[in-house]
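Here the structure is laid out as structure tokens; the discussion comes afterwards.
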Amino acid sequence: MSLKKILTIAGSDTSAGAGMQADLKTFQEYNTYGMVALTAVVAMDPETWGHDVTPLPIELLDKQIKTALSIGPDAIKTGMLGTEEIIERAAKAFEDSDAAFFVVDPVMVCKGEDEVLNPGNTDAMIKYLLPLATVVTPNLFEAGQLSGLGKLTTIEQMKEAAKIIHERGAKHVIIKGGKALESDEALDLYYDGETYTLLTTDKFQSSYNHGAGCTFAAATTANLALGKSPREAVIAAKGFVASAIKHGWKMNEFVGPVQHGAYNNVEKIEVTTKEV
Ligand SMILES: Nc1ncnc2c1ncn2[C@@H]1O[C@H](COP(=O)(O)OP(=O)(O)O)[C@@H](O)[C@H]1O
Ligand SMILES: Cc1ncc(COP(=O)(O)O)c(C=O)c1O
Ligand SMILES: [Mg+2]
């Protein structure tokens, strides 16, 4: 069997728990071949860990996308895109490709940072990315923005948001209740246009979870490339990221990344599903 090729259009997280580094590590865990078109570079202030985000010139992104498309990715994932122009270019990359799957992780804020990267980005994501998305993976905050419903605090509100995001074109929606929803368990809601399914694992420590969202979306993309259905792909990805969070580690006084290889090397966490 030939190796599946996956392109991530994403930012660089120098600390390497999130961003394209998380994507490549995760793709490797699934024995898929990861490629990168870099959108932005994130550096952290060693004194405060404040994030400094520098988008790369669009011409540079263009060259990378041309290179990667010539290699022929089977699936494309997006992460931090940074500007409206880059969002539009990422959508075009999927349209110009022969990739069968487009996984959109609509990154709007980094954990520990509460400022939205750029407010106009939400409208651009709705306009350019949702209509093409095989799977979109918003966290609770991002789902509130993409649906226009604002703050979401209940499963019923998550269902409403998933329906609106689906109507905006995403074929499969998974809203990560995860760290943000008040609950003893880590709950994510999956919607395929017909059925709402709640995906559940235990909730583990949440101090060292940097990169959880990127890792979840990357694992979803790898599972799709390997032939799983979207439903199977998000269930597998949730088990993968739950293990990574349970075995996350302290990097310094500010941050701890997930352990991307924990599912394969340390412990496999089970996921339960229930229609709601
Ligand atoms: N403390 C936790 N224990 C177990 N799973 C978690 C925990 N926090 C988040 N998750 C899971 O990790 C994935 C990423 O969620 P989340 O951290 O909310 O996303 P993001 O990093 O994009 O904000 C989801 O599947 C979520 O349910
Ligand atoms: C480059 C980059 N992409 C994405 C993210 C989002 O990370 P998470 O997986 O924690 O949502 C971050 C956060 O620091 C980042 O630096
Ligand atoms: Mg995220």
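Counting convention: from 1, in listed order, for ligands and their atoms alike.
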Closer than 4.0 angstrom: is that true for some heavy atom of G211 and an atom of ligand 2? yes
Once rounded to the nearest 0.5 Å, what's the spacing between atom OG1 of T220 and atom CD of E232? 12.5 Å
Ignoring hydrogens and geometry beyond distance, is a side-chain donor-acceptor pair present between E29 and H260 at under 3.5 Å? no
Checking the N or O distance criterion of under 3.5 Å, is ligand 1 in contact with K238? yes
Would G213 count as being in polar contact with ligand 2, using the rule that some N or O on each side must be under 3.5 angstrom apart? yes
Of the side chain and backbone of A22, name the one, both, or neither that has a heavy atom under 4.0 Å from an atom of ligand 2. neither
Under a heavy-atom criterion of less than 4.0 Å, does Q205 contact ligand 1? yes
Heavy-atom donor-acceptor pair, E275 side chain to T195 backbone, under 3.5 Å: no
In this structure, does ligand 2 have an atom that sits under 4.0 Å from one of the heavy atoms of G79? no
Side chain of T8, backbone of V36: donor and acceptor closer than 3.5 Å? no
Heavy-atom proximity to atom 27 (O) of ligand 1 ranks first, among V234, V241, N209, D188, for D188
Provide the number and element of each atom of ligand 2 under 4.0 Å from a heavy atom of G11. 1 (C)
Those atoms of ligand 2 less than 4.0 Å from some heavy atom in H51: 14 (O)
C214 neighbourhood, listing ligand 2 atoms whose heavy-atom distance to it stays under 4.0 Å: 4 (C), 5 (C), 6 (C), 7 (O), 8 (P), 9 (O)
Starting at CG of L130, measure out to CE of M125 and round the result to the nearest 0.5 Å. 9.0 Å
So, regarding F216 and ligand 1 (criterion: nitrogen or oxygen to nitrogen or oxygen, under 3.5 Å), is there a contact or not? no
Between the main-chain N or O of V255 and the side-chain N or O of N252, is there a donor-acceptor pair closer than 3.5 Å? yes
Measuring from the heavy atoms of D202, does anything fall under 4.0 Å of ligand 1? yes
Main-chain N/O of K4 paired to D74 side chain as donor or acceptor, under 3.5 Å: no
Per-atom contacts of ligand 1 with A186, taking only distances under 4.0 Å to non-hydrogen atoms: 4 (C), 5 (N), 6 (C), 27 (O)
Would you mind telling me if ligand 2 is within reach of the side chain of S12, the backbone, both or neither, using heavy atoms under 4.0 Å? backbone
Counting only heavy atoms closer than 4.0 Å, does ligand 2 sit against the backbone of M20, its side chain, both, or neither? neither
For ligand 2, which atoms have a heavy atom of G19 less than 4.0 angstrom away? 1 (C), 2 (C), 3 (N), 4 (C)
Checking A99 now: which residues fulfil side chain to side chain contact (heavy atoms under 4.5 Å, CB included) with it, not counting sequence neighbours? I76, F94, S97
Distance-only donor-acceptor check, side chains H210 and D13, under 3.5 Å: yes
For ligand 1, is there an N or O atom under 3.5 Å from any N or O atom of S206? no
Scan for salt bridge (Lys or Arg N to Asp or Glu O under 4.0 Å) pairs involving residues 158-167, sequence neighbours excluded, and state none if there are none. E156-K159, K163-E167
Any donor-acceptor pair under 3.5 Å from D184 side chain to K203 backbone: no
